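Structure record follows, encoded as structure tokens.
All of these numbers come straight from a predicted model, not from anything done at the bench. In this chain, numbering begins with 1 at the start of the sequence shown.
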Amino acid sequence: MLKPLNAERFSKPSSEFAPGPAPQLNWIDIDKLVIDHQYQRGISRRGAINIAHIADQFDWSKFAPVIVAPVEGGHFAVVDGQHRTTAAMLRGLSQVPCQIVQADRAKQAAAYAAVNGNVTKTTYTQLFHARLASGEQRSQAIAEVCAAADVVVLRTNTTLSNMKVGETSAVNALFKCYEVYGYQTLLSALRCITRTADGNAGYLRSTVIEAICIVLHKHPEWQADEETLLKYMGKFSFPDAWGAIVAGRDQIFPNTAKSDMAERLEKHLSRRYSHNSKAQAA
């Protein structure tokens, strides 16, 4: 699914085109790289975790050139790339590929702000598809569950009201439920949504998926006969339950909604299974 770059849908900039001197690309000794703390951030706790991850999974295909600017003493100030360069040091590397730009301190600071501020954030769903394409086992396992439940993980953000049957963006919930409850429980939970009523478009959301998994994990016997489970779930109205949960509230926390949904699901199924047991006994 390869496509060429296309800028036709964008408006051409009206500002003067003055990009400055073209950068150079070169390998530079790490001991010549310095940090200007007047504009560079220190390495935070989260940054340290990121460095450890980069070092642990070090791969040149994931290493973007470090942006640097020449400074006094034959050194180069790191404009962008402090974390990945530190990770390279941990791997015992002496040089890193660098993009050398000609910039004074003010331009360095502006470049740092631009590089770190004007970032198009990658969504969880986009990361999922990238990891799936890379062959990551966890993502492949989630893809298998979704395929078996007629679920499609969207590539772009879409409002719940515009989602079609089987569409979801709840990637984090899928991973969490898979790891905590396992393949079968997650599969049953997803089918309780996609294979009941009219497919319950828009209800493959985190709070609902997790709520069903909680209930099915608590009552594993309900998963033994999927046909019966789906028949009983077909009598449960997700829109009505959700409407009752959010009624009269300006805001509701996800954990509160999840707990409330789980309670309603458990009561509904308990009544159905209890009634069925009594009917069989009679």
Side-chain angles (χ1 to χ4, degrees), residues 1-3 5 23-37 39-69 75-101 111-147 151-157 168-183 186 206 210:
M1 203 165 99
L2 303 177
K3 295 182 179 180
L5 293 173
Q24 297 176 317
L25 294 174
N26 206 350
W27 287 80
I28 297 178
D29 294 337
I30 292 177
D31 60 14
K32 290 185 179 180
L33 302 181
V34 295
I35 300 297
D36 189 335
H37 287 291
Y39 64 84
Q40 268 281 6
R41 58 187 168 185
I43 296 176
S44 64
R45 180 179 176 183
R46 185 180 183 86
I49 294 173
N50 187 34
I51 289 170
H53 177 75
I54 295 172
D56 184 62
Q57 306 291 326
F58 197 92
D59 187 324
W60 283 122
S61 68
K62 304 172 185 174
F63 195 101
V66 179
I67 301 176
V68 301
H75 291 89
F76 297 84
V78 175
V79 177
D80 179 68
Q82 180 181 182
H83 290 172
R84 54 186 180 275
T85 302
T86 305
M89 293 176 66
L90 290 175
R91 279 299 188 179
L93 297 171
S94 60
Q95 292 184 323
V96 290
C98 294
Q99 175 179 309
I100 307 169
V101 298
Y112 169 82
V115 170
N116 290 280
N118 298 334
V119 176
T120 301
K121 187 173 181 179
T122 303
T123 65
Y124 290 117
T125 57
Q126 290 167 340
L127 285 174
F128 166 75
H129 284 289
R131 288 167 178 160
L132 180 60
S134 75
E136 184 192 65
Q137 291 185 348
R138 290 171 67 247
S139 295
Q140 288 181 328
I142 294 301
E144 289 174 9
V145 180
C146 288
V151 172
V152 175
V153 176
L154 295 174
R155 292 178 178 271
T156 56
N157 288 333
T168 186
S169 297
V171 174
N172 283 350
L174 294 175
F175 277 102
K176 178 181 177 181
C177 291
Y178 180 82
E179 291 169 358
V180 174
Y181 306 111
Y183 177 98
L186 176 57
S206 299
E210 290 185 47

* Roughly how far, to the nearest 0.5 Å, is CG of D59 from CG of D56? -> 12.0 Å
* To do: Flag the pair V96 / F63 as yes when at least one side-chain heavy-atom distance between them is below 4.5 Å, and no otherwise.
  => yes
* Within a strict 4.5 Å, meaning less than it, do heavy atoms of the R131 and Q140 side chains meet? -> no
* For the student: nearest non-hydrogen atoms of F128 and S139, plus distance -> CE1-O, 3.6 Å
* To do: Please work out which of the three classes, parallel, tilted or perpendicular, describes the rings of W60 and W27, given edges at 30° and 60°.
  => perpendicular
* Check salt bridge (charged side-chain N to carboxylate O under 4.0 Å, His left out) between K32 and all other residues, then give those that pass, not counting sequence neighbours. => none
* With rounding to the nearest 0.5 Å, note down the distance linking NE2 in H75 to CG in D29. => 10.5 Å
* Asked: Can you name the nearest heavy-atom pair linking R91 to A55, along with the distance?
  -> NE-O, 2.7 Å
* Structure fact -> All heavy atoms of V153 vs all of H129, minimum pair found to be O-NE2, 2.8 Å
* **Between Q40 and Q82: side-chain donor-acceptor atoms closer than 3.5 Å** => yes
* Would you name the heavy atoms of T156 and T125 that are closest together and state the gap between them? => N-OG1, 4.4 Å
* E210 side chain near K176 side chain, heavy-atom distance below 4.5 Å -> yes
* Are V34 and V78 close enough, and set up right, to give a side chain to side chain contact (heavy atoms under 4.5 Å, CB included), and what steps lead you there? -> CA-CA 6 Å; V34 295; V78 175; over 6 Å; no
* Kindly compute the distance separating CE (M89) from CG (L33), expressed to the nearest 0.5 Å. => 9.0 Å
* C146: which of V152, L174, T168, L186 passes side chain to side chain contact (heavy atoms under 4.5 Å, CB included) -> L174
* Determine whether Q99 and V68 make a side-chain contact, defined as any pair of heavy atoms from C-beta on separated by less than 4.5 Å. => no
* Structure fact -> Of N50, V66, I51, the one forming a side chain to side chain contact (heavy atoms under 4.5 Å, CB included) with R84 is V66
* Interatomic distance, N172 atom CG to C177 atom SG [nearest 0.5 angstrom] -> 10.5 Å
* Asked: Just wondering, more than 12 heavy atoms not from Y183 lying within 6.0 Å of its OH?
  -> yes
* **Residue pair P23 / I100, side-chain heavy-atom distance below 4.5 Å** => no
* To do: Please state whether the rings of Y39 and Y112 are parallel, tilted or perpendicular, taking 30° and 60° as the class boundaries.
  => tilted
* **From CG (N26) to SG (C98), nearest 0.5 Å** => 8.0 Å
* Which pair of heavy atoms, one from I54 and one from A87, lies closest together, and at what distance? -> CG2-CB, 3.5 Å
* **V115 vs I67 side-chain heavy atoms within contact, under 4.5 Å** => yes
* Asked: Roughly how far, to the nearest 0.5 Å, is the CG atom of L90 from the OG1 atom of T85?
  -> 11.0 Å
* Asked: Should Q95 and I30 count as side-chain neighbours, where that means a heavy-atom distance under 4.5 Å?
  -> no
